[in-house]
Amino acid sequence: MSSAATATVCLTFDVDAEAGLGPDVGPERLSSHSERRFGITRGLPRILDLLERLEARGTFYVPGATVERHPEAIRAIVERGHEVGHHGHNHLDEHELTPDEARAEIELGLRALAAIGVVPKGYRSPSWELTETTLGLLHEHGFAYDSSCMGDDRPYFEGPPDRRILELPVHWSLDDWPFFGAGPARPAGDVRPWLETWQTELEQAVDDARLVTLTMHPEIVGRGYRLRALAAWLIELRERGIRFATHEDAAAGLS
């Protein structure tokens, strides 16, 4: 890594829990639901403890339905000083929603977050499928930024001139799900491709002196061996002078 420049890393976590399974996976599918509960019961506390060790704040995108199912777990995120962003209500694919359904997803999610004292400044679309309908709703409700799109590898403005919003971009290669998400075709055990990919991206980000958003899920990265590998890597980054920031802080610095 170059000593002449550095990068800022935003550690973001999508706390989907059961909402991330979608409406077709009913509660009778106990195994699927139990994996998502693992993210709340074990993965999330491990992540919060790691962030405390790093003296870093994270951004947690939470569906309203997850707040309603697990209010104490989400309150713990807030109480430990982290940012909570809006991630829909039932984690539905936006491009399949009617305008009324899209509005309900935004407004129900806002209501659930308000019940635990959160007024979110940022939004992340479930499954990263932001639509023009939702973009209009974000403007209507005063959101400061979005983190769903991939039009650049540094912050930019997304959308038409009359509805554009500050975008803190994401990418599938910087998400833990493609590496470890459920399914026999994915290499569920090997952390090396995952961390090598992210490390190489960070090397380029340092040369560019730019912001990088990493996206993780408590039920995935909260598994013991993955969390240990992540912790070792993040501690190394801290020692090399990499900065960590919430999306809220990053957006404020760009305004």
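The figures here come from the full heavy-atom set of this structure, side chains too, leaving out hydrogens, waters and symmetry mates. We count residues from 1, following the sequence as given.
Under 4.0 Å is where a charged nitrogen must lie from a carboxylate oxygen, and between E132 and R163 at least one such pair does. With respect to R80 and E52, a salt bridge is recorded, a charged nitrogen being found less than 4.0 Å from a carboxylate O. In this structure, E167 does not pair ionically with R154, as no charged nitrogen and carboxylate oxygen lie closer than 4.0 Å. A salt bridge is absent between R111 and E107; no separation between the charged side-chain nitrogens and carboxylate oxygens falls under 4.0 Å. Between R103 and E140, at least one side-chain nitrogen of the basic residue sits less than 4.0 Å from a carboxylate oxygen of the acidic one, meeting the salt-bridge criterion. The residues R124 and D14 are annotated as salt-bridged, a charged nitrogen and a carboxylate oxygen being separated by less than 4.0 angstrom.
Pairing each heavy atom of I242 with each of A7, the nearest pair is CG2-O, 3.7 Å. Heavy-atom minimum distance, A229 versus V191: CB-CG2, 4.1 Å. Closest approach of S148 and L130 over heavy atoms only: CB-CB, 4.1 Å. Residues R238 and E55 come closest through the heavy atom pair NH2-O, 3.3 Å. The two residues R46 and G224 come nearest to each other via the heavy atoms NH1-N, 3.4 Å. The shortest non-hydrogen separation linking G85 to L113 is O-CD1, 4.3 Å.
Taking hydrophobic clusters as Ile, Leu, Val, Met, Phe, Trp and Tyr residues chained together by side-chain heavy-atom distances below 4.5 Å, V84 shares a cluster with F244. I40 and M216 fall within a single hydrophobic cluster, where Ile, Leu, Val, Met, Phe, Trp and Tyr are joined by side-chain heavy atoms under 4.5 Å apart, directly or via other members. The cluster map of Ile, Leu, Val, Met, Phe, Trp and Tyr, joined by side-chain heavy atoms under 4.5 Å apart, puts V170 and V9 in different clusters. V62 and F38 fall into different hydrophobic clusters, defined by Ile, Leu, Val, Met, Phe, Trp and Tyr side-chain heavy atoms under 4.5 Å apart, directly or through other members. Hydrophobic cluster membership differs between Y123 and V118, with clusters built from Ile, Leu, Val, Met, Phe, Trp and Tyr side chains linked at under 4.5 angstrom.
Using a 4.5 Å cut-off on side-chain heavy atoms (C-beta onward), F157 and I165 make no contact. Contact annotation: the side chain of P63 approaches that of H87 to within less than 4.5 Å [non-hydrogen atoms, C-beta and beyond]. No side-chain heavy atom of R75 sits less than 4.5 Å from a side-chain heavy atom of V78. Side-chain contact between V212 and C10: absent, with no pair of heavy atoms (C-beta onward) separated by less than 4.5 Å. Under the 4.5 Å side-chain criterion, counting only non-hydrogen atoms from C-beta, L166 is not in contact with F143. Using a 4.5 Å cut-off on side-chain heavy atoms (C-beta onward), E18 and T66 make no contact. Here the side chains of L227 and R223 are not in contact, with every heavy-atom distance at 4.5 Å or above. Contact annotation: the side chain of L230 never approaches that of I47 to less than 4.5 Å [non-hydrogen atoms, C-beta and beyond].
In terms of modelled atom types and a separation under 3.5 Å, the side chain of N90 and the main chain of L92 share no donor-acceptor contact. Of the possible polar contacts, none joining the T215 side chain to the T12 backbone as a donor-acceptor pair under 3.5 Å is found. With hydrogens and angles ignored, the 3.5 Å screen pairs a side-chain donor or acceptor of D190 with a backbone N or O of R192. The backbone N or O of R210 sits nowhere less than 3.5 Å from a side-chain atom of D208 that would complete a donor-acceptor pair. A donor-acceptor pair under 3.5 Å is absent between the side-chain atoms of H217 and the main chain of E219, judged by distance alone. A distance-only check finds a donor-acceptor pair linking the side chain of H86 to the backbone of I106 [under 3.5 Å].
In this structure E79 satisfies the side chain to side chain donor-acceptor pair (under 3.5 Å) test with no other residue, sequence neighbours excluded. In terms of the ring-ring contact (aromatic ring centres under 6.0 Å, His included) criterion, residue partners of W172 (sequence neighbours excluded) are, by chain and number, W128. Listed by chain and residue number, nothing satisfies the side chain to side chain donor-acceptor pair (under 3.5 Å) test with H89 (two or more places apart in sequence, or in another chain). Judged as a salt bridge (Lys or Arg N to Asp or Glu O under 4.0 Å), and not counting sequence neighbours, E101 has no contacts. Remark: F60 pairs with F13, H82 by the ring-ring contact (aromatic ring centres under 6.0 Å, His included) rule, at least two apart or across chains. Annotation: side chain to side chain donor-acceptor pair (under 3.5 Å) contacts of R69 (sequence neighbours excluded): none.
Atom OG1 of T59 is separated from atom CG of L214 by 11.5 Å, given to the nearest 0.5 angstrom. With rounding to the nearest 0.5 angstrom, the CH2 atom of W198 is 9.5 Å from the OG atom of S173. For the atom pair CG (D49) and CG (L54), the distance works out to 11.0 Å, reported to the nearest 0.5 Å. Taking CD from E72 and CD1 from I116, the interatomic distance works out to 9.5 Å, rounded to the nearest 0.5 Å. Expressed to the nearest 0.5 Å, how far CG of L202 lies from CD of E236 amounts to 10.0 Å. Interatomic distance, K121 NZ to T246 OG1, rounded to the nearest 0.5 Å: 9.5 Å.
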Problem - Trace of the side chain to side chain contact (heavy atoms under 4.5 Å, CB included) decision for E201 with L174 - result: CA-CA 9 Å; E201 180 72 21; L174 301 177; 3.8 Å; yes
Exercise for the section: Before giving the answer on side chain to side chain donor-acceptor pair (under 3.5 Å), spell out for D153 and H171 the whole-Å C-alpha distance, their side-chain angles and the decisive distance to 0.1 Å. Expected result: CA-CA 8 Å; D153 60 5; H171 194 264; over 6 Å; no
Practice task
List the steps, then state whether side chain to side chain contact (heavy atoms under 4.5 Å, CB included) holds for I77 with L44.
Solution key: CA-CA 9 Å; I77 297 171; L44 182 56; 4.0 Å; yes
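A side chain to side chain contact (heavy atoms under 4.5 Å, CB included) with Y145 is found for exactly one of L168, L138, L254, namely L168. A side chain to side chain donor-acceptor pair (under 3.5 Å) with T134 is found for exactly one of H139, E94, E129, namely E94.
Judged by distance alone, the side chains of T98 and D100 never bring a donor and an acceptor atom under 3.5 Å apart. Side-chain polar atoms of Y61 and H247 form a donor-acceptor pair below 3.5 angstrom.
Ring planes of Y225 and F180: perpendicular class, angle over 60° (limits at 30 and 60°).
Under a cutoff of 6.0 Å and an axis angle of 45°, R226 and F179 do not form a cation-pi pair.
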